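Residue numbering restarts at 1 for every chain, and letters A, B, ... go by the order of the sequence lines. Values in this document were obtained by computation on a predicted structure and should not be read as measured data.
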Protein chains: 2
Amino acid sequence: MHDVAAAAGVSQATVSLVLNSASGSRFSEDTRKRVRDAVDRLGYRTNAHAKVLREGVAGMIGFIGDSVATTPFAGAIIEGAQQRAWEDGLLLLSVNTGGDRQLEAASLDTMLSYKVAGVVYAAMYHRRLEVPEALAGVRSVVLNSQDRAGRVPSVAPDEVKGGYAATSRLLEAGHTRVGMVNIETLESGLPAAVGRYEGYCAALEEAGLDVDLSLVRFGKGGEEDGYKYAMELLTSGNPPTAIFCANDRGAWGAYQAVSDLRLSIPGDVSIVGFDNQATLAPFLRPGLTTFELPFVAMGRRAVELILQDAEPDGRVELMDCPLIERNSVTHPKEMP
Amino acid sequence: MHDVAAAAGVSQATVSLVLNSASGSRFSEDTRKRVRDAVDRLGYRTNAHAKVLREGVAGMIGFIGDSVATTPFAGAIIEGAQQRAWEDGLLLLSVNTGGDRQLEAASLDTMLSYKVAGVVYAAMYHRRLEVPEALAGVRSVVLNSQDRAGRVPSVAPDEVKGGYAATSRLLEAGHTRVGMVNIETLESGLPAAVGRYEGYCAALEEAGLDVDLSLVRFGKGGEEDGYKYAMELLTSGNPPTAIFCANDRGAWGAYQAVSDLRLSIPGDVSIVGFDNQATLAPFLRPGLTTFELPFVAMGRRAVELILQDAEPDGRVELMDCPLIERNSVTHPKEMP
DNA sequence: CATCAGAAGTTATACGAATAACCAATGAGT
DNA sequence: ACTCATTGGTTATTCGTATAACTTCTGATG
């Protein structure tokens, strides 16, 4: 900057003021032009660290993921966060800890020493977790999970509403016997499993239907269980005409079961999935009607909470899971 | 740091020296202890910006991806880069540009103003690309692609060797009629398509076999083409006993074709894929034998090149694609 | 004519750490 | 007694920017 000042024949302060005062017309047009020319000629670029040193806070937001980058869905989460940050000219300083608490603490420490404007603490899957202590020292948001202690604001998908919407989609198509293959037991406490089931029940009740436990199965989220439990449901005495699979992998298993039974989707049985897994859901035949975890929107929202002025509270913000309509749902077959 | 110095009853310089001189025993044990106690008591954390300001280079590496985070495979690339960076105590300052050259330039500019130690320029898929001019100003590496101008060093998968290894795997199992369903035409110039085909030819020739063009098809990389061309090959007069599908999605299509023909894998036809797509290859039945793009290793290597002392040249470093053995390959059936 | 307002800059300082250069005290060697 | 090395520190300066506070000049005004 001193070089620029010398080249333009002014003082360093003048350069700084010309460059930063948005429109404060304190200088003559001539001087401003000389400064800008010198900047261009010398290829001057401001030193961000000197700026931060003076101003106390950096144009960076820390992003700590327990392994977000490697899980196929959730890359979108970091993408959303980054997009939103960049809209305010900020960059993401990111780390995947792989769940290593020590790495987590160390990298958080480094981030803080870089005076990040805030920290997004993102989890690979929706759960209740303990945040590292050092987070208390900065503005922070828990993403795709919830702070168990309830101190840090959180952003997570609305599983209940998602389960409700998925089930409603089938009920509205006219189904009255709607099965569910869940991804975990309720005792697991997994918000996705508990919430989607709760939504399933709520939708049935609202439609005046009882929850028939013979139509509900609890697997482990893999396609093997999807296959196994869909098979059980469809070969039972009084099979469902539609199945809500609480994740797409389970739905894939269900597809295979339906195929092995020489039935067809959606003619004989309608299927709704959950997750909109990019490498799976669009490629099944027929395309899987499913619900999307709003990763991009969640990432954006988390950064937004960091950026906003209002003092944060420990509130959990739940975000809608949009329906992705494809071709695995239709009306139930008329009974013979 | 002044506060710490005051609390410990020493000068700021002493604190700095005690904290940084690894073992330089210039101070009494007593003083050092007082300093460390004060640091703990006050929860002092060094200001990274002040340090960078003095030293000229930051403990950060820029990572620019054209949309790495959202593509399901390549999250691993950023993971590898970050891992390696952290081993040297560096963090990644990352941006996904979504291919927007303007955003790319702007974010690169910001990164440079943060005095990053280097920049990794990562592409979503392997190709030849033009790097932004500003990259010339820093140490940089092109990742998962190659600098067309040949100035910036590049790290990319060894497609030829991959295609060679895939084909060899089938030849070694005893197959002599090995088909290939490619992901693109050769005219596309796509290194993955061109290289894997070249490797396929090389392996055949080395085994003393001619390349039989009636066994080769060029699709668009989707499962529809995988289905269509596998079907063509298998229903031809003299079908192959094994097919090398140049990507896993194509292999999935081939699986469906085989299934529709009431044949079995690997009994009637062996299949080898490419990509080891995490949400697909392990879940096919039988599990797909395939090759992995070494994303983590590539990410690591790119950062390593940035970190190393030697002056870089524009060399392209090709990395091996490891075989992921599952159950889709066996000996050919004896002819009746 | 004295005064005052505004325009157009400049000077000086602070941010936090690293380090070269300096200083004071002690004890050993001659 | 004098020199000199060693130990254990301190002082002063630098990195690059932002900005509060000051200066100087030019017209305009009462």
* Would you tell me if any nitrogen or oxygen in the side chain of B:S11 comes within less than 4.0 Å of OP1 or OP2 on D:dG9? =>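 Checking B:S11 against D:dG9: no side-chain N or O falls below 4.0 Å of OP1 or OP2.
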* To do: Report the end-to-end axis angle of the helix from C:dC1-D:dG30 to C:dT30-D:dA1; each axis comes from five terminal pairs, and the value is rounded to 10°.
  =>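 Both end axes considered, the difference amounts to 70°.
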* Who are the salt bridge (Lys or Arg N to Asp or Glu O under 4.0 Å) partners of B:R139, not counting sequence neighbours? ->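 For B:R139 the salt bridge (Lys or Arg N to Asp or Glu O under 4.0 Å) partners, ignoring immediate neighbours, are B:E311.
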Side-chain touch [X]/[Y], heavy atoms, less than 4.5 angstrom:
X	Y	value
A:L129	A:V131	yes
B:S154	B:E317	no
B:L305	B:V141	yes

* To do: Could I get the full list of side-chain contact (heavy atoms from CB on, under 4.5 Å) partners for B:V138, not counting sequence neighbours?
  =>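 B:V138 satisfies side-chain contact (heavy atoms from CB on, under 4.5 Å) with B:L112, B:V119, B:L135 only.
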* What integer distance in Å separates A:R32:CZ from C:dA8:P? ->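 It is 10 Å, rounded to the nearest whole Å.
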* Kindly state each residue pair satisfying salt bridge (Lys or Arg N to Asp or Glu O under 4.0 Å) with at least one member in residues 41-54 of chain A, sequence neighbours excluded. =>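 Found A:R45-B:D109.
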* **salt bridge (Lys or Arg N to Asp or Glu O under 4.0 Å): pairs with one or both residues in residues 113-129 of chain B, sequence neighbours excluded** =>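 Qualifying pairs, neighbours excluded: B:D66-B:R127.
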* Drop me the distance from B:N144's CG to B:L293's CG, to the nearest 0.5 angstrom. =>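 Going from CG on B:N144 over to CG on B:L293, the span is 6.5 Å.
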* Structure fact -> Its contact letters, B for base, S for sugar-phosphate only and - for none at protein heavy atoms under 4.0 Å, make nucleotides 14-22 of chain D read BBBBBB---
* Asked: Hey, does A:V15 reach any base, or is it just sugar-phosphate, or nothing, if we go heavy atoms under 4.0 Å?
  ->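 No contact.
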